[in-house]
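Report on the following structure.
Chain letters run A, B, ... following the sequence lines, proteins first, then strands; residues in each count from 1. As the structure is a prediction and not an experimental result, all values here were calculated from the model.
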There are 2 protein chains.
Amino acid sequence: MRKTRRACNVPDATIHRLPLYLEKLKLLQAIGVEDVSSRQLAESLDIKASQLRHDFHYFGGFSRPGRPYQVDILVPALEQIIGISQPQPTVILGAGHLGQALANYQNLELQGFPVVGIFDVNPKLIGLEIRGQPVRDMDELELLIRDKGVRIAILTVPAANAQAVTDRLVRAGIVGIFNFAPTDLKVPETVVVRNERLAVGIMSLSFRVKCIIEGGYERTDGLVAGE
Amino acid sequence: MRKTRRACNVPDATIHRLPLYLEKLKLLQAIGVEDVSSRQLAESLDIKASQLRHDFHYFGGFSRPGRPYQVDILVPALEQIIGISQPQPTVILGAGHLGQALANYQNLELQGFPVVGIFDVNPKLIGLEIRGQPVRDMDELELLIRDKGVRIAILTVPAANAQAVTDRLVRAGIVGIFNFAPTDLKVPETVVVRNERLAVGIMSLSFRVKCIIEGGYERTDGLVAGE
DNA sequence: AGGCCGCTGTTACGGGATTCACAACGAATC
DNA sequence: GATTCGTTGTGAATCCCGTAACAGCGGCCT
Ligand SMILES: NC(=O)c1ccc[n+]([C@@H]2O[C@H](COP(=O)([O-])OP(=O)(O)OC[C@H]3O[C@@H](n4cnc5c(N)ncnc54)[C@H](O)[C@@H]3O)[C@@H](O)[C@H]2O)c1
Ligand SMILES: NC(=O)c1ccc[n+]([C@@H]2O[C@H](COP(=O)([O-])OP(=O)(O)OC[C@H]3O[C@@H](n4cnc5c(N)ncnc54)[C@H](O)[C@@H]3O)[C@@H](O)[C@H]2O)c1
């Protein structure tokens with residue numbers, strides 16, 4: 001009980017690293033590696049070993065002093081922390097360009113997020129099969145969410161409709177929304193939204209590109225060629 | 001000269017907010033708003049006004065004490081900082097599901113990143129028209145990059161081919177790579193990579209969802225219902 | 001003019017995140 | 001067995017970001 005309490009106070013920065021750890025560990029697992037030290041794992045991810053141990057420390061640690069981490073223990077432990085010990089059924093809202101791309105993305109299922117429903121309002125799209133699944137009419141939304149116990153939704157509708165769809169998702173019991181529309185969604189406290197803004201990504205890239213071209217080659221991490 | 005030096009030491013967190021500022025400001029500009037205070041702008045983005053002023057301070061400030069910010073000054077100033085005063089021609093590598101979705105995404109051009117080339121190796125895709133542009137053979141890559149002065153590339157090829165394509169992009173003079181493949185790319189110091197990992201996003205969402213469901217409703221920001 | 005209000009620029013502070021340092025421990029080697 | 005090396009767990013220290021506080025300026029109203 002205390003443990004789940006503490007787990008939610010973990011900083012975002014740490015949470016964002018867990019998937020990276022998990023990904024690398026699964027890779028190691030696939031090639032038969034049995035144990036791995038914090039240094040090995042950290043260096044392959046370009047971070048400090050102490051940070052990795054510190055991250056793990058939030059969850060009480062996964063080994064004991066003297067013993068390296070065991071891949072077969074770490075993988076399920078991280079999966080349990082992230083919440084994908086059981087696959088998390090997921091629905092996609094909006095079967096347009098992006099929605100279809102995501103529906104076709106097999107990695108989603110591999111990483112524990114099988115798409116169990118794709119929804120749209122466009123009659124021309126409804127019925128279209130994507131990887132064995134039909135695009136569904138919005139009428140079926142609430143029923144399917146309840147039947148399959150869906151808690152996570154991926155939102156790929158136009159920005160103008162994003163809030164309306166969100167409200168409906170919230171009423172249907174969705175707890176997490178992965179939002180690709182460039183809009184800030186209003187949701188109750190008991191629902192989490194994660195915005196994935198393409199514009200932010202490409203614009204910050206552009207900034208760094210400009211820095212390299214205009215300002216010489218120095219980087220944030222230190223080295224500046226003499227004044 | 002000093003100014004460009006300093007500009008590159010701006011923290012990432014600030015850079016990530018610039019696109020949000022710009023987006024909101026363009027919206028205000030479109031509806032004829034002439035000036036805006038730090039409080040107004042900040043509150044519409046759910047951040048503190050002092051943070052916004054602090055962010056702007058990295059660039060010397062955009063007004064003077066007593067006067068609110070003028071939208072018509074701020075917009076071009078931010079565009080100049082981000083590096084999109086002139087549109088940044090962009091190429092897409094990999095015309096699969098995701099590549100096509102992005103090629104169809106009109107917001108890219110609206111935000112200053114017109115797609116001037118879409119490339120693939122699949123003969124069946126080459127020649128396919130997407131928003132008026134043909135999918136091109138990789139043979140044309142270097143020439144088009146040089147001709148159009150492209151500095152930013154969007155990488156949507158399978159992870160297995162990502163590094164090879166990257167090497168070729170780097171040799172062709174690309175400076176910034178927006179990478180959607182779940183792989184860490186190795187590039188020289190003079191090239192910037194920004195990874196957009198879907199897995200990180202959806203897994204951290206899943207973690208927060210699990211926290212809400214298991215651990216009650218408390219959030220990082222404080223309030224925990226009594227012990 | 002004078003006073004008041006609201007605004008920005010700027011500096012100082014507090015807190016969180018990263019990094020460091022080391023103690024405790026296990027295994028292998030001599 | 002002792003010793004040496006490598007490992008994790010953990011608290012301290014450092015660094016950096018977000019927040020607050022305030023000084024200085026502009027406009028407005030009286
Ligand atoms: N295309 C991209 O690469 C891309 C990238 C980043 C973000 N986005 C964002 O993702 C969203 C979708 O982009 P897109 O390119 O796929 O657009 P799109 O127009 O191709 O697809 C949107 C789909 O949503 C459906 N829709 C509209 N209203 C709906 C509703 N109320 N309920 C259910 N479905 C509804 C439409 O019928 C359409 O099929 C947009 O908000 C866009 O800004 C797109
Ligand atoms: N589909 C998604 O929604 C999604 C989401 C996030 C990340 N990704 C990642 O984006 C990448 C592309 O995903 P996708 O679903 O579009 O895959 P896809 O297979 O549909 O498309 C990949 C395309 O790249 C082309 N290609 C392969 N090797 C190439 C090369 N050497 N040079 C140029 N083109 C080449 C292929 O011909 C194909 O058309 C993958 O790395 C995937 O992991 C995809």
* Between A:Asp55 (CG) and C:dT19 (C1'), how many Å, whole number? -> 12 Å
* Do A:Asp167 and A:Gln163 get their side chains close enough for a donor-acceptor pair, meaning under 3.5 Å? -> yes
* Structure fact -> When rounded to whole Å, the CG to P distance for the pair B:Asp46 and D:dT19 reads 11 Å
* Answer with yes or no after comparing the ring centroid distance for B:Phe56 and B:Tyr58 against a 6.0 Å cut-off, counting only values under it. => no
* **Comparing A:His54 and A:Pro65 on DNA chain D - which has the more 5′ nearest nucleotide** => A:Pro65
* Using atom CG of B:Asp35 as one end and atom C1' of C:dG6 as the other, report the distance to the nearest whole Å. => 13 Å
* Once you build an axis from the first five pairs and another from the last five of the helix from C:dA1-D:dT30 to C:dC30-D:dG1, how far apart in angle are they, to 10 degrees? -> 10°
* Closer to the 5' end of DNA chain C via nearest nucleotide, is it B:Gly61 or A:Gln51? -> B:Gly61
* To do: Output yes when at least one side-chain N/O atom of A:Ser38 is less than 4.0 Å from OP1 or OP2 of D:dT8, else no.
  => yes
* Report the distance from atom CZ of B:Arg39 to atom P of C:dG9, rounded to the nearest whole Å. => 15 Å
* **Ionic contact status for A:Glu79 with A:Lys26, cut-off 4.0 Å** => yes
* Heavy-atom contacts under 4.0 Å between residues 66-77 of chain B and DNA chain C, which residues? -> B:Gly66, B:Arg67, B:Pro68, B:Tyr69
* Asked: Within this structure, what is the NE2-to-P distance between A:His57 and D:dA12, rounded to whole angstrom?
  -> 11 Å
* Hey, is the main chain of B:Ile82 close enough, under 3.5 Å, to the side chain of A:Ser206 for a donor-acceptor pair? -> yes
* May I have the distance from A:Leu52 (atom CG) to C:dA17 (atom C1'), rounded to whole angstrom? => 15 Å
* **Polar side chain donor-acceptor pair, A:Asp72 to A:Gln29, under 3.5 angstrom** => yes
* Would you jot down, in residue-number order, the residues of residues 16-32 of chain B having a non-hydrogen atom under 4.0 Å from DNA chain D? => B:Arg17
* What nucleotide among D:dT7, C:dG9, D:dC17 has an atom nearest to a side-chain atom of B:Pro11? -> D:dC17
* Which nucleotide sits closest to the side chain of A:Arg53: C:dT11, C:dA21, D:dC17? -> C:dA21
